[in-house]
There are 2 protein chains.
Amino acid sequence: MPRRRTDTRAEIRETALELFAKKGYTATSLREIAEGLGITKAALYYHFRSKQDLLADMVRPMLDDGERTVRELEEEPDATARRALEAFYDMGRRHGTLFRAVVADTAALGDLGDVVPRLFDWRERLLRLIFGSDPTPRQRALAVLAIGGLQDAAIMAADDGGGGLTGDGGDLRSVVVEGALRALDLPAS
Amino acid sequence: MPRRRTDTRAEIRETALELFAKKGYTATSLREIAEGLGITKAALYYHFRSKQDLLADMVRPMLDDGERTVRELEEEPDATARRALEAFYDMGRRHGTLFRAVVADTAALGDLGDVVPRLFDWRERLLRLIFGSDPTPRQRALAVLAIGGLQDAAIMAADDGGGGLTGDGGDLRSVVVEGALRALDLPAS
DNA sequence: GTCTATACACGGATAGAC
DNA sequence: GTCTATCCGTGTATAGAC
């Protein structure tokens, strides 16, 4: 019965994610991950060819999701800036824990090849979606402010479960998306 | 003449900063730093008790600067929100390279004790300076957006030398500070 | 197909010679 | 103030048990 096969891989990813989020990628040893699962370090090497490979495998869904999100926005003919910012925020929230771990150890991700370029690419394409194909330098600067801030807000929201920050009636997402729109000097559309 | 003593320490810090900024803190080995200076790994351990100690020493000026900046703002009786955001942005720019290295490897800084709490403390005190002693959840969320974005903008500006982004006449600082003020729903005061 | 045993190179760190 | 020698932990890799 090959049932347990993918199971183990998933369990490894889970345990690894917890540890990566808590202590960062580089600071987490394979021995720790293995011990958390009751197997040995070397067993991990059956499932993943390297530590980086494990990370890449964990990051892939997020990368695919982001790619899909941006592409869908581009194909939507009358996508508003608000829609774009909301989609970006939601994407950040969906992968909150991983996103945090990733941002907390950008250096390690440099080795991983295309992750950081990919993040920059999304930013660039969001920028074009919002401001058209030839944004002014001022618009570029505001986009850094807005998208960077939104990313922070999404991570923080994911961390704290989504409650807390806005109180009972408040909707954190719209508060923060509208803030970003104001920063970009755009109407709340 | 004990002239060369502090000199070597400074040279180590310089070389280390370059490498940390380029490859991140954890990814940089002491051997690399030593080789860049023509000495051995062990020699470093005469000047710094540990790798963390080296990092702490490099980070201290930034920490002191930030602490001083926030305290001065608090003592200024009629400090505007704009002043506060400008001061924060300038602080980020002054320590651009280090700031980047620090943010790129937050995980490593967790071990370093009070750096991350300190950053949060600044955020909190800026928040109180801008919105008074009892900010609403909405204001908290917007502050995360604005301050996080401003931090990104400052890092990016420091990276790229300050030119580029705004073109000839534009002043990146005021563009981005005014964007943050709008995000916070405050007049450009 | 799944895991253990084992070896190796490299990283941080220390002790002691010069 | 710097070096050599050495220690232990960690990522990596392979051979082989079941």
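Just so you know, these numbers use all the heavy atoms, side chains as well, and skip hydrogens, waters and symmetry mates. Labels below follow one simple rule: chain letters A, B, ... track the order of the sequence lines, proteins then strands, and each chain is numbered from 1.
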NZ/NE/NH1/NH2 to OD/OE distance under 4.0 Å, B/E67 and B/R60 = no
inquiry  = With a cut-off of less than 4.0 Å, is there a side-chain N or O of B/T40 near OP1 or OP2 of D/dT2?
reply    = no
Spacing between A/E35 atom CD and C/dT4 atom P, to the nearest angstrom = 12 Å
note = Separation of C/dG1 atom C1' from A/D7 atom CG, nearest Å, is 15 Å
message = According to side chain to side chain contact (heavy atoms under 4.5 Å, CB included), who are the partners of B/A154, at least two apart in sequence or on a separate chain?
response = B/Y89, B/R93
request  = Take atom CG of A/L44 and atom P of C/dT2, then tell me their distance rounded to the nearest Å.
outcome  = 14 Å
request  = Tell me, with the steps shown, if B/R140 and B/F131 meet side chain to side chain contact (heavy atoms under 4.5 Å, CB included).
outcome  = CA-CA 9 Å; B/R140 296 198 95 90; B/F131 286 124; over 6 Å; no
query = Using 4.0 Å as the upper bound for N to carboxylate O, is an ion pair formed by B/E18 and B/K23?
reply = no
ask   = Do NZ/NE/NH1/NH2 and the carboxylate oxygens of B/D121 and B/R125 come within less than 4.0 Å?
value = yes
request  = Measure the distance from CG on A/D53 to P on D/dG11 and round it to the nearest whole Å.
outcome  = 15 Å
task = Classify every nucleotide of nucleotides 12-18 of chain C by which part a protein heavy atom approaches to under 4.0 Å, writing B for the base, S for the sugar-phosphate alone and - for neither, in 5'-to-3' order.
result = BBB----
ask   = Of all the nucleotides listed (D/dG1, D/dT4, C/dC3), which has the minimum atom distance to the side chain of B/H47?
value = D/dG1
task = For DNA chain C, list all stems, counting runs of three or more consecutive pairs where every pair is Watson-Crick or G-U wobble with both distances under 3.5 Å.
result = C:1-10 with D:9-18, C:12-18 with D:1-7
query = Any Lys/Arg nitrogen of A/E178 or A/R182 sitting under 4.0 Å from an Asp/Glu carboxylate oxygen of the other?
reply = no
ask   = To the nearest Å, how far apart are B/F48 CZ and D/dG1 C1'?
value = 14 Å
Lys/Arg-Asp/Glu bridge criterion (N-O < 4.0 Å) met for B/D65, B/R68 = yes
key: Phosphate OP1/OP2 of D/dT2: any B/Y46 side-chain N/O under 4.0 Å   = no
ask   = Salt-bridged, A/R71 to A/E75, with N to O below 4.0 Å?
value = no
ask   = Going by an N to O cut-off under 4.0 Å, is there a salt bridge joining A/E35 and A/K41?
value = no
key: Spacing of A/R9 atom CZ relative to C/dT2 atom C1', expressed in whole Å   = 14 Å
